[in-house]
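Structure first, commentary second.
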Amino acid sequence: YGLPFYTELCIECPEGAVCRDQEFASDPVSKQGFWRTYVDVDDSEARERCPSERRPPLTDRTRCPSYDACVPFESCRGDNECKHGYEYVMELCQEEMDKLSEDERRCSSDVDCNPSGKVCDYRSPEKCSVCHKDSVEDAEGVCMCTPSERCALCTVFEYYRVNGECRPCPQNVWVLIILFVTALVVFAVCAYLLNRYKFNLAVVSIGMDYMQVLAIFASSDVPWPGIVVRFFNFVEFFSFNVDITAPECVAPDFTYEQKWWLSMTMPIFALLFFGLMHFMLVGKRLVRGERGWKRVNSHYTTFIAMAIVMFYVLYLPLTRRALEIFNCNPVQPDDGYEYTEWVSINCGGGPCRCWEEGGVQMGLFPWAALFFCVYSVGFPVFSFVVIMRYKYKMKEDQLLRSMDLGDTIDTNPNALNIRKLFSKLYVNFKPGKVYWLLVLLARKFWIAVAALLFRSNPSFQLSFILLVLFASFVLQVRHAPFLSSVEKQKEIERHHFKVKEEQLKDQQVESLQSQLGVAGGAEPGDMVHVHMRIEQHLNKVRRQEEVRKKRRKTATIETVEKNSNETKVWYFSYNSTELYLIASAILLCVAGLMYFAASFDTRTNLRHHIQVLTFFVMFLIVSSISYYLIVFSSELLVAMGFPLSSWIQWLVMSKMYVRNLEKGLVMTDAATLTAEQANWQEIESAEKTFERQKQIATLDQTNKHMLSELNQAKRDVKELEAQHERHTFKPKKAKKKTFNDEDATPERVVAPHFVESDFGAEGV
């Protein structure tokens, strides 16, 4: 193409343009998925975006056309027209243009349509127009309304942008915003009340993690069916995503930067709210006449626990928000720049370029790095330091928790402060798995990374998430880390097993030391003897309770535990719940890959396959959510003291499990039982080996004792022989008498002699 008016040379039609035959009056129009913009030939970016034939001295024009890809691709219909929903203020602009006369709409350049040169908005929609000329030879044209550059902005008051695309605005947006804020407050209050009822929040965190993974699937660029998308949009609330409230539907000038700041400062506002509640409670206690620092501020540990829960729940959405600023990718075809997934009216009314001095992305970059270090890196590092420092105390506290002990200084003198301050870091896990929160945070981090950095490649994105989920599933099967109420008794038995194991090891060490003649050894109070030290402490606590029983005539710990177990019977294993939900997420991930692969297949009979797959996906989602709700409701009812309905037992439990519950036998999952059986077999073999070593050592000591007695007997024999020689009778030579065999034999001393025995040649 080439325009004779500018004495241009003919060049090949650029990618993204539609060149008509014998068309020499105007520049080619853009085709679907592309947008035509004009670049000043004197600008620095003209070298990359304009061919040399369209720059001086080979042309007389001052601007050259550039054809750029739209994001999303389907937003541009071609010829600089946008799909419905991506028209920004075009309708409002047209209403204002209709009020002007033809003379007022005449123009010679774009400056006549928008004299200020600023980006237009819904307050001045008539400025969103350009000077349109039928031919480049025309001196004058007409101001015509135009959407935003590359159809980047959504239609105001009708559509809003979420996950990179424009969606219709919900009805009653103000009601939705109020409900969102109310839900946040209700969530905080419910967490506080559940904590007071000593409700195990592990079941809450398991459900939140699953809902947030489903929200990640909603943000992926996969052609999910409409019914699946609507359900995914519903569960996005559990990611605390401000976008779902659609604030720009009621305030079109509510920019991305404002939403980003609102999301990233949400924990700060929550901490300020906790601080306000703290000072209100302090003032209330001071007014009532209470004094003393500890007494007045005794509730601060509850707010610390709530803050830890808040940071854990918000970890995934906060990490995603922070990484959005760093997520920059080129468009296809590449125009030499990288762009963000989000758009803003402050980016020239179009996509936001990355690494541009003075741009919106560079303005948010240092703050995103700060929040990423504080939230995404700081919270895991804080958790790691605390867990590693107080690992053994946390383990002891979890054993006490399994015995329904440790709420007072008398029963938990070593770890009571740790329980009050940092219990939310490890309260959901078994004594040997107090570090498992770090594993869950790692899973959240890598899912957030995949959700953003690989969004342009849905198949790779889902494959990476599938890899993370499968690794989580394997680790969950292998370790079964969650401490369910039904597994507390098993943890107590495991503790006694560990105590026995440590005692056997001590006996083996002492035996070897006695054989080698080495003195010393490990004390029961060191880190090697954790379970022995805890057992000594528990014995001490039980003796103290017996003393209190005699003095105060109160029930012992055993009686309290028995009464507690009689009133509350637990049915579900959190490890099984976690496994079921992870497996459901894995199957949904595989279904997403199947949907994405089917989008490239043009066969007509594939529609029935998609319908079957959709039915399977909806059944999987509904069944997993229903199962989780049953688990949550049953745990909540039992925690509040209500008996569980018999139909729930019949519905979700096997008959064998119910019979075991009736007999008082609480079983754990199959993986835990298998591991325990292996451990017991190992201990039994260790016991047999130790018994054999003990018998060998006993025989060795007996042999040494017999050898020492043998040596003593040899010395006694030598002394007897010497005495015999001294006292033996010698007859005179004159008198010689011959003894016959029949005569009486004089008394003789018989020397002792050696007899071979089973011990060898040297006998006694």
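All heavy atoms count here, side chains included; hydrogens, waters and symmetry mates do not.
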Could you tell me whether [X] atom [atom1] has more than 12 heavy atoms of other residues or ligands within 6.0 Å of it?
{"X": "W261", "atom1": "CH2", "answer": "yes"}
{"X": "E104", "atom1": "CD", "answer": "yes"}
{"X": "L629", "atom1": "CG", "answer": "yes"}
{"X": "W174", "atom1": "CH2", "answer": "no"}
{"X": "K259", "atom1": "NZ", "answer": "yes"}
{"X": "M144", "atom1": "CE", "answer": "no"}
{"X": "R77", "atom1": "CZ", "answer": "no"}
{"X": "M362", "atom1": "CE", "answer": "yes"}

Query raised in the report: Do any N or O atoms from the side chain of R36 and from the backbone of P28 form a donor-acceptor pair under 3.5 angstrom?
Result: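 Answer holds: yes.
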
Requested in this report: Look at the side chain of R161 and the backbone N and O of G164, then say whether any donor-acceptor pair between them is shorter than 3.5 Å.
Outcome: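 Yes, because the side chain of R161 sits within donor-acceptor range (under 3.5 Å) of the backbone of G164.
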
Less than 6.0 angstrom separating the ring centers of [X] and [Y], yes or no?
{"X": "Y122", "Y": "F157", "result": "yes"}
{"X": "Y627", "Y": "Y580", "result": "yes"}
{"X": "W260", "Y": "W342", "result": "no"}
{"X": "F326", "Y": "F365", "result": "yes"}

Requested in this report: Tell me, please, whether Y67 has K31 positioned over its six-membered ring: NZ or CZ under 6.0 Å from the ring centre and within 45 degrees of its axis?
Outcome: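 No, K31 does not lie over the aromatic ring of Y67.
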
Report task. Using the six-membered ring of F372, assess whether NZ or CZ of R320 lies under 6.0 Å from its centre and within 45 degrees of the ring axis. Result ->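 No, R320 and F372 do not form such a contact.
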
Report task. Supply the atom-to-atom distance Q361 CD to Y339 OH, rounded to the nearest 0.5 angstrom. Result ->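 Those atoms lie 13.0 Å apart.
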
**Report entry** Heavy-atom pair of closest approach, residues V41 and R54
**Finding:**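 Looking at all heavy atoms of both residues, the shortest contact is CG1-O, 3.7 Å.
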
Report task. Over all heavy atoms of both residues, which pair between Q332 and A69 is shortest? Give the atoms and the distance, please. Result ->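 Looking at all heavy atoms of both residues, the closest pair is O-CB, 3.1 Å.
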
Parallel, tilted or perpendicular: rings of [Y] and [X] (30°, 60°):
{"X": "Y375", "Y": "F311", "answer": "tilted"}
{"X": "F180", "Y": "F237", "answer": "perpendicular"}
{"X": "F454", "Y": "F460", "answer": "perpendicular"}

